[in-house]
Amino acid sequence: MTSELRSNFLRTQIQSDLEKGVVAELVTRFPPEPNGYLHIGHAKSITVNFGLAEQFGGRCHLRFDDTNPEKESQEYIDSIQEDVRWLGFQWSGEVRYASSYFQQFYEWALHLIDEGLAYVCDLSADDARRYRGTLTEPGRDSPFRDRMPEENRALFEQMRNGSFEDGSRVLRAKIDMSSPNINLRDPILYRIRRAHHHQTGDEWPIYPTYDFAHGQEDAIEGVTHSICTLEFEDHRPLYEWFLANLPVPHLPRQIEFARLNTSYTVTSKRTLKLLVDSGTVSGWDDPRMPTIAGLRRRGYPAAAIRHFCEEVGTSRSDSVVDVAMLESAVRDHLNQHAPRAMCVMTPLKLILTNLESDKDLIIANHPSDESKGSRSVTFSSQLWIDADDFREEANKKYKRLVLGKRVRLRGAYVIEAERCEHNEQGEVNCVYAKVIPNTVGEDPEDGIKPKGVIHWVSAVTGVSATIRLYDRLFTVPNPAKSDDVLSVVNPDSLREVNTAVVEPSLVHAAVESVYQFEREGYFVADRYDHSPSQPVFNLTIGLRDSWGTAK
RNA sequence: UGGGGUGUCGCCAAGUGGCAAGGCAGCGGGUUUUGAUCCCGCCAUUCGCAGGUUCGAAUCCUGCCACCCCAGCCA
C-alpha cells in the first residue's frame, strides 16, 4: 500500500502500530480553528492527515477546534470546508466541532476537581503570569491552590452559571508549579468569556482552553494518531496527563512534524491580514496570496498542490522549501493537462500579401496527448503577432521573424517577412509577409527552413481580453524576517495587460479552466471576472524560459 | 542558558552498523512546428564538529557547536 511512496517517520510509525496491532484502524483528524483562511501550510497538514488515512485504509475527521469564539466565525468554517473539498479530500462522517463536546469537557473538569486535581484560581491574568515564574526560575503556588474540592466545585458551577465577571477566575489543573516544562505549571483549563459562540450561541459563559480540549476531542472521536506541528511538542506531557487522569474512552497518541514553510511567501495570519487590510492585495483569495483560495484563483491545480506536499516529504526538521518546487509541480501537472491555445499580448499587425482567402486550420489542442482533440482556427490575411517576435534585423540567435527571413506560424504556414511600416514614433506598426505555399505541416519545398515558430491570432476573429500577469508577491526569500513586510512587497507582482487578443475558442473557456498560451505560460479563466463578453485570464505560471535568462 | 527539538549536496529529503536514493535548482548535450515538453549526461570519497567503539559508522558511545520552540485566561 505504501511501497511506491517514500518512507517518512509517520508512515513508519503507523505501519508498525498497525502490524503490531497497537491500533486496529488508523484514525487521523485535521483540526483547524475557524479563525482565518487556510493557506499552503494547512494544505500540507491536510495532505498529511487525509493522505495517511487514505494510504492505510483508515479515516480522517474534519474537526473545528472552536474553543475561542471571540476569534472565530461561520465565514471561516464555510471557507475551510470548501478548501478541503477543493483539495480533493472527503472527511469521514459529519463535520465535527469541539464545541459539541463542551458538556463532556465540563463534566470531566468536575471530575478533576473531585479528584483534587483542579482548582478555581482567582489570580488576575497579570498575577498568574508573575506566579508562573520564568524559563529559568520555578513558579510559585497560587494562594488558591489548596481550596477544597467542595469549594472548587461550587465555584466552578458558579463560573458555569455566569455568576462571575469575564476573566475574574479560571479553572486550573493542579500539577507542578516548579516543572521545567512551563505547560505543566498548573495550566489553565477554563476561562470566563461571556462571548456568543457561532455554534453554541450563549449557552456557555466559560470556554475550555486548547490544552483541556484537544486530547479529549481526540479521545472522544477515537483518533489513533493525533498529528500536529512541532510547537505542540512541549504540550504532549500535558496532553497525556489529561488522558491519564480522566475516564476517557480511548487513548490517542500525539505525534509532531515540522510545518511547511516556502520561500518568498508568508503564512502568518497577522501578515496575511495586513496584506489584505492595507490593500496590497485585493482580498484573501487574491491570486498572489498563499491561501488555498488564492492559489486556486491563480490556477494552481489541487492535484499539483497535493503532489508538491508529497514531494517535499514530512520530517521533524525546520526547513524552508524553495517555492520553485511548488512552481515545478504546477508546471508539471499543467504541461500534461492544459490544452494549448494562442494569445498575443502585445499585438503587431501582420499582413499576408499573397493569401487568396481565409482558411480554417485544424490545430491540435495538445502536442502529445491526442485525446485532447483539436480545434478549428481561422487563418486570415490580417493577423496579430507579438511585437517581441519581429525585428527588422537580428543576429542568428534570434529565432523569430526578421525582415527577409522566414518563420513558422504555429500550426499554420511558414511565412517570409517582406517589409514593414513605422508609426510617427518610429516603431514598427505593421509587417508585410508572404505565405510560402504548401507549408502547413510540411517544410518549404525550396528547402529553406524557417528559423523558429511564433504564435498568432487572426485579426478578424481574435477577441480582446484582459490578462493579469502575476509575479511573486515578495522580493526577498524570507519576507517574514523583514522588519516591515510591506517594504519587501514586489511592486511588479501584478501587471494588467489590456492589449491582448485571444483566439475565439478561449471566449468560451470555463471559469477556472487552465490553458497554456503557447510560448507564454499557463493562464486560468478567472473564477469571478471571466465572461464570454469580457474574457479575463490570470497568469498561473510562466513557461520555463532558458532564452529569457540567457539573453 | 530551565525544558523540549533539529542538524545528510544551493533547497527539500530517503537512509536506523555493511560501504550516501530521489526531487527541485544548476550545468552540458540531443530531439522538437511552443527558446516549452521530452531524452541523455554531470552535480555529497561524504553525512554540524571532535574524539571513541567496531573488520566496518551518516547510522552506536562521549564531548562540543549551531539553529528552532516554550514564560496567552491563542491554537
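In what follows, chains carry the letters A, B, and so on, assigned in the order in which the sequence lines appear, proteins first and then strands, with residues in each chain numbered from 1. Values in this document were obtained by computation on a predicted structure and should not be read as measured data.
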Give me the distance, rounded to whole Å, that separates B:C42 from B:U59 when you measure between the C1' atoms they each carry. 29 Å
Phosphate oxygens OP1/OP2 of B:C74: is one of them under 4.0 Å from a side-chain N or O of A:Arg191? yes
Reckon A:His235 touches a base, only the sugar-phosphate, or nothing at all at heavy-atom distances under 4.0 Å? base
Check this one for me: any side-chain N or O of A:Ser317 less than 4.0 Å away from OP1 or OP2 of B:G5? no
Under 4.0 Å: is that the gap between some side-chain N or O of A:Arg236 and OP1 or OP2 of B:C70? no
Has the side chain of A:Gln516 got a donor or acceptor that lies under 3.5 Å from a partner of the other kind on the base of B:U34? yes
Under 4.0 angstrom, heavy atoms only, what part of the nucleic acid is A:Glu233 near: base, sugar-phosphate, or nothing? sugar-phosphate
So what does A:Arg519 hit on the nucleic acid, given a heavy-atom distance under 4.0 Å: a base, only sugar-phosphate, or nothing? base
Contacts under 3.5 angstrom, residues 328-336 of chain A side chains, donor-acceptor by atom type, not counting sequence neighbours:
{"residue": "A:Arg331", "atom": "NE", "partner": "A:Gly542", "partner atom": "O", "Å": "2.7"}
{"residue": "A:Arg331", "atom": "NH2", "partner": "A:Gly542", "partner atom": "O", "Å": "3.2"}
{"residue": "A:Gln336", "atom": "NE2", "partner": "A:Asp332", "partner atom": "O", "Å": "3.2"}

Using a heavy-atom cut-off of 4.0 Å across all strands, would you classify A:Phe232 as base, sugar-phosphate, or nothing? base
What stem regions, each of at least 3 consecutive Watson-Crick or G-U pairs below 3.5 Å, can be found for RNA chain B? B:2-7 with B:65-70, B:10-12 with B:22-24, B:26-30 with B:38-42, B:48-52 with B:60-64
Students often get this wrong, so: under 4.0 angstrom with heavy atoms, is A:Val440 touching a base, only sugar-phosphate, or nothing? base
Indicate, with a heavy-atom threshold strictly under 4.0 Å, whether A:Arg169 touches base, sugar-phosphate, or nothing. nothing
Under 4.0 Å between any heavy atoms, over every strand shown, what does A:Val170 touch: base, sugar-phosphate, or nothing? Just pick one. base
Protein-nucleotides 17-25 of chain B N/O pairs under 3.5 Å:
{"residue": "B:G23", "atom": "O2'", "partner": "A:Glu311", "partner atom": "OE2", "Å": "3.1"}

Kindly indicate, with the supporting measurements, whether the criterion side-chain hydrogen bond (donor to acceptor under 3.5 Å, both in side chains) is fulfilled by A:Asp211 and A:Thr209. CA-CA 5 Å; A:Asp211 285 314; A:Thr209 55; 5.2 Å; no
At less than 4.0 Å, is any side-chain N or O atom of A:Arg316 found next to OP1 or OP2 of B:C68? Yes or no. no
Do the side chain of A:Asp545 and the base of B:G35 come within less than 3.5 angstrom through a donor-acceptor pair of N or O atoms? no
Just checking A:Val414: base, sugar-phosphate only, or nothing, at a heavy-atom cut-off of under 4.0 Å? nothing
Against the six-membered ring of A:Trp204, is A:Arg160 placed for a cation-pi contact (under 6.0 Å from the centre, within 45° of the normal)? yes
A:Tyr210-B:A75 aromatic stacking (under 5.5 Å, under 30°): no
Salt bridge or not for A:Arg63 and A:Glu217, using N-O below 4.0 Å? yes
Looking at every strand, decide which applies to A:Thr314 at a 4.0 Å heavy-atom threshold: base, sugar-phosphate, or nothing. sugar-phosphate
